[in-house]
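Everything numeric in this text was worked out from a predicted model, so none of it was measured. In the text below, chain A, chain B and the rest are named by the order of the sequence lines, each starting its count at 1.
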There are 2 protein chains.
Amino acid sequence: MRVCIVGCGAIGSLFAAYLGQRDDIEVWAYDLDQAHVDAINSKGLRLSGVGNVHSWPKATSRPADIPPCDYGIVATKSLHTRAAIEATAAAFEDAAVCSVQNGVGNEEIIAEYVSRVIRGTTFPAGRIVEPGHVQQDTGGKTWIGPFEPKPASMDEVRRLAGTLTEAGMETLAMEDARGAQWTKLIFNAATNPIGALTGLPHGVACDQPRLRRVISQLVAEGVAVAEAQGITLDSDPDALVDHAREVAYHHKASMLQDALAHRRTEVAALNGGIVEFGRQHGVPTPLNETIWALIEGLEHSWTLAD
Amino acid sequence: MRVCIVGCGAIGSLFAAYLGQRDDIEVWAYDLDQAHVDAINSKGLRLSGVGNVHSWPKATSRPADIPPCDYGIVATKSLHTRAAIEATAAAFEDAAVCSVQNGVGNEEIIAEYVSRVIRGTTFPAGRIVEPGHVQQDTGGKTWIGPFEPKPASMDEVRRLAGTLTEAGMETLAMEDARGAQWTKLIFNAATNPIGALTGLPHGVACDQPRLRRVISQLVAEGVAVAEAQGITLDSDPDALVDHAREVAYHHKASMLQDALAHRRTEVAALNGGIVEFGRQHGVPTPLNETIWALIEGLEHSWTLAD
């Protein structure tokens, strides 16, 4: 089996490193960060933290290097989905391509370029410590299933799930993976931008009663949009907010980290995704629209001279 | 006539300086900034910019110094209304006390301490350059009228308006001053926090289509709350937003300046005021509540260690 990881940041590197441990799988890692690519090719790809892995995927920043694959796993930031799949689609002519990205809307873009698509959601998180070395901060499962409008077969989905699980990343094959995806989406859209706009860690934001109500109202809009699509959520996102307060009180949301570093955020695939799907299904989402506009404005401010 | 200005920051200093030009008025300036008080007493109070005034109010930081007055003019930030009027109320036992502050809810607090209250809204703006010296940035009118639940008489309102106008601050006496107050309130609540949350100058925020829609939606909630109270606005606040884009494109809202300096804002008297009056009159204001919560969260973040 040949698999190419498209976008080998922290998340993509987890997939590449775990899969790269198996002798029967040829793993390619495509990324535009030449230093990361060079380090992987010269020293291998190393995971520390929760994971303890050292493996040797073939890394490249040149799409033409990638041979025809059986699977693609897209792990770029949602901002870069189109550019990444456009560049690499030739390698996936007879492949099933799976998104494990944040937000919604990525599978739709991938499906414009390849014929069989898998919807995915993954919980493990990490960060690149230095080129070739990724710290895995948390474990957690991955859920995958056929992307309805242009699906991979369930057999292909099960084979990928089995391979990932055997490689050390527990992955569940689902007939309908939308429940997992929307549960994570709604949670992220209701909490990430609150951190970015206020500068507050998750637990501290939850302890501000007015702000906690805003989070619940954002969740409620997302739940209504999921229900209008006939999606059964895995769990109550509002309960996840409280759970995260318990286990990650001092956690600064990734979007807050983006804001502090003046990096463009994934708001368009999070709150923007809820707004767009809401529009398609006639569900009003005024609070998610407001949050989307505010984050977009904040991003714009970073482009202005003082 | 004896008048005491309560809170002698930029706005209060404008009132104190203009009134202090008249020989027939004894003007007291009460403020807790001892350097400003001492400078006024030793060198007089000087306006530059739009105004060019040098006058000699009697300044003090000790409430017991203030003799019985005919009028009080409260010009503190809305955060400090209660502390200021509580400290000075003894001087206003037979006075009419007028708020010229931002937001709503100040007159209600003042009315807990004195018997005759005047509702007011003022447009001139400025900033303290150094103790005893205020730069007046903009001119503009002041509107005053009886505060309905505990009103000063129209005669008292007219006498104060005439005195201010003759002193150089054009002031209109109105039977109902709520229209002017709510017009400014709705404009401020829809634009100030957008600047504070995004870091964008007013005109730049207006040019972001998604953000401009949020501003209009905030305005619409405020207009609905005003209508529910039977208030006739002076003008369309949404048109004022466009007008301000023309005349003050690069202006950073005062709340953005507060945010950059990590100073507590007046959000509770702006968006919070719209929310509270909305609640009293059964008008939902979810966007103003969200903005209020976000600004409050941002303020809270400044109190945390990094």
If you round to the nearest 0.5 Å, how far is [atom2] of [Y] from [atom1] of [X]?
| X | Y | atom1 | atom2 | answer |
| --- | --- | --- | --- | --- |
| B:I194 | A:T290 | CD1 | OG1 | 8.0 Å |
| B:L304 | A:H250 | CG | NE2 | 10.0 Å |
| B:L294 | A:L211 | CG | CG | 6.0 Å |
| A:E289 | B:L287 | CD | CG | 9.5 Å |
| A:T198 | B:W302 | OG1 | CH2 | 11.0 Å |
| B:R210 | A:I291 | CZ | CD1 | 13.5 Å |

(message) Within a 6.0 Å radius of atom CZ on A:R264, are there more than 12 heavy atoms belonging to other residues, nucleotides or ligands?
(response) no
(message) Counting neighbours of NE2 on A:H281 that are heavy atoms of other residues, nucleotides or ligands and sit closer than 6.0 Å, is the number greater than 12?
(response) yes
(message) If I measure from the heavy atoms of chain B, does A:P201 come under 4.5 Å with its side chain, its backbone, both, or neither?
(response) side chain
(message) Main chain of B:L200, side chain of A:S301: is a donor-acceptor contact present, judged purely on distance under 3.5 Å?
(response) no
(message) Between B:E296 and chain A, with a heavy-atom cut-off of 4.5 Å, which part of the residue counts as in contact: side chain, backbone, both or neither?
(response) both
